[in-house]
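One structure is given below, encoded as structure tokens.
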Amino acid sequence: MSHEAHYKIVIVGGGSGGITVAAQLLRKSRVLRGDIAIIDPAEKHYYQPLWTLVGGGAASKEVTEREQASVIPDGAEWLKDAVTEFYPDENLVITKSGNKLHYDYLVVATGIQIDWHKVRGLKESIGKNGVCSNYSYDFVESTWENISNFKGGNAIFTSPNTPVKCGGAPQKIMYLADDYFRKSSVRSQSNIIFASGGTTIFGVKKYADALNKVIERKKIKTCFKHNLIEIDGEKKQAVFENLDTEERVTMRYDMIHVVPPMSAPNFIKKSTLAASDGWIDVDKYTLQHKRFHNVFGIGDCTNLPTSKTGAAIRKQAPVLVQNLLCQMNAMPLIHEYNGYTSCPLVTGYGSLILAEFDYNSNPDETFPFDQSKERLSMYLLKKELLPVIYWNGMLKGLM
Ligand code: FAD
């Protein structure tokens, strides 16, 4: 039975961004207790950054998954449903079950859409025929199966020419594979190829310089402007489009780790909240929607011109929350997000470059040492400390 309800704040999406915002709002303002709804159809909540290490056999996938109910902050109500339509002129969202939810303020945090179907043959071959991906809880273990059973030949790692969540993840798993192939004595019989729709290894010079040295040391072949368009699982062939010449380039593989194309979720693309490129259209400093001032956006679903990561959300959430409270109190929005994002670039089992930078691609580092150097300490930070900070700090609204 569909029904109608009203909440002061409706949050669409209970992932990293949605839960962090709800938890911080409830810590800052007790009057909001009972007046925040989080709409999300997913039964489970995932700590996705660890999937790189799951694919590399260094963590178990079960530790990345928790019941959604267990992360909903006390004082917020979880509506297990999916939003299908936005009516921002009427302060209304409609859900898949036909419910009409009215709000005073709306926060959109639905994450990114993975377009598996945009690579021909990918949906049919993922998880078999040497095809794997860290970009899905269901298939992340297939990456480790392929790496640990690799006997030599061509190991291809792809990166699409679309925005992705965690721009560094396509290459991190390749460095782990290289490290493992050396340990299992198959590296000398293997070609490792990074086939990317991008033009460089990384967008920030300081870290790109360091990564180019890693690529050289590991003898990895790079093919930039090569966008994966087709997989033939039976023949173990991958077809790329050369983005300069539009020519088709076919490569044979023995294993291929695919990072699929991604885009804004379809229901956002078709809504009036979207910018012309499909993402939620927010002011890059205040996170307020450019046209609907009682609407805010956070995380992967927005058009914020920075790399889409959970670390970015850690810095976006307090800005959004404070500006939303200003908006509610008819005060000017003075809090600004500087585009901070971070990418812990795993370069092997026990080494990591911690990239942190802002909108201007200027390093914005946390530690008082050169973070472009590969370090064991930063690897341990990613593997052991960041998950604890996520579950016990970020999702509880403490940071
Ligand atoms: P999500 O956390 O994905 O949550 C979106 C939520 O919206 C989901 O719960 C979904 O069910 C819900 N939703 C979707 N559609 C609807 C709808 N119609 N109605 C209601 N709810 C809906 N980040 C880092 O900081 N460091 C890393 O090292 C890192 N590595 C990564 C490695 C991999 C392999 C992957 C996949 C990601 C990695 N990330 C990393 C990225 C990070 O996980 C994401 O950027 C972050 O989770 C985005 O948060 P979000 O809230 O925008 O979206």
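The first residue of the sequence shown is numbered 1, and numbering continues consecutively from there. Values below: all heavy atoms of this structure, side chains included; hydrogens, waters and symmetry mates excluded. In each ligand, atom 1 is the first atom listed, and ligand 1 is the first ligand listed.
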**Study point:** Side-chain donor-acceptor contact under 3.5 Å, His335 with Asn323
**Key:** no

Point to revise | Donor-acceptor side-chain pairing of Asn294 and Asp104 below 3.5 angstrom | key: no

Exercise for review: Check salt bridge (charged side-chain N to carboxylate O under 4.0 Å, His left out) between Asp35 and all other residues, then give those that pass, not counting sequence neighbours.
Suggested key: none

Which protein N or O atoms sit under 3.5 Å from any N or O of ligand 1? Give atom names and distances.
unit_1: ligand 1; atom_1: 2 (O); unit_2: Ser16; atom_2: N; d: 3.1
unit_1: ligand 1; atom_1: 2 (O); unit_2: Ser16; atom_2: OG; d: 3.4
unit_1: ligand 1; atom_1: 3 (O); unit_2: Gln48; atom_2: NE2; d: 3.2
unit_1: ligand 1; atom_1: 7 (O); unit_2: Thr110; atom_2: O; d: 3.3
unit_1: ligand 1; atom_1: 9 (O); unit_2: Asp40; atom_2: OD2; d: 2.6
unit_1: ligand 1; atom_1: 11 (O); unit_2: Asp40; atom_2: OD1; d: 2.8
unit_1: ligand 1; atom_1: 11 (O); unit_2: Asp40; atom_2: OD2; d: 3.4
unit_1: ligand 1; atom_1: 18 (N); unit_2: Val83; atom_2: O; d: 3.0
unit_1: ligand 1; atom_1: 19 (N); unit_2: Val83; atom_2: N; d: 3.0
unit_1: ligand 1; atom_1: 21 (N); unit_2: Ile39; atom_2: O; d: 3.4
unit_1: ligand 1; atom_1: 23 (N); unit_2: Gly310; atom_2: N; d: 3.1
unit_1: ligand 1; atom_1: 25 (O); unit_2: Gly310; atom_2: N; d: 3.0
unit_1: ligand 1; atom_1: 25 (O); unit_2: Ala311; atom_2: N; d: 2.8
unit_1: ligand 1; atom_1: 28 (O); unit_2: Lys172; atom_2: NZ; d: 3.0
unit_1: ligand 1; atom_1: 28 (O); unit_2: Lys382; atom_2: NZ; d: 3.1
unit_1: ligand 1; atom_1: 45 (O); unit_2: Asp300; atom_2: OD1; d: 3.0
unit_1: ligand 1; atom_1: 45 (O); unit_2: Asp300; atom_2: OD2; d: 3.1
unit_1: ligand 1; atom_1: 45 (O); unit_2: Gly310; atom_2: N; d: 3.3
unit_1: ligand 1; atom_1: 47 (O); unit_2: Ser16; atom_2: OG; d: 3.1
unit_1: ligand 1; atom_1: 51 (O); unit_2: Ser16; atom_2: N; d: 3.3
unit_1: ligand 1; atom_1: 51 (O); unit_2: Gly17; atom_2: N; d: 2.8
unit_1: ligand 1; atom_1: 52 (O); unit_2: Asp300; atom_2: N; d: 3.0

Review point. Any salt bridge between Glu85 and Lys270, counting N to O under 4.0 Å?
Key: no

**Study point:** ring-ring contact (aromatic ring centres under 6.0 Å, His included) assessment of Trp144 paired with Tyr180
**Key:** CA-CA 10 Å; Trp144 177 234; Tyr180 189 80; 4.9 Å; yes

Exercise for review: Working to the nearest 0.5 Å, report the span between NZ of Lys96 and NZ of Lys80.
Suggested key: 9.5 Å

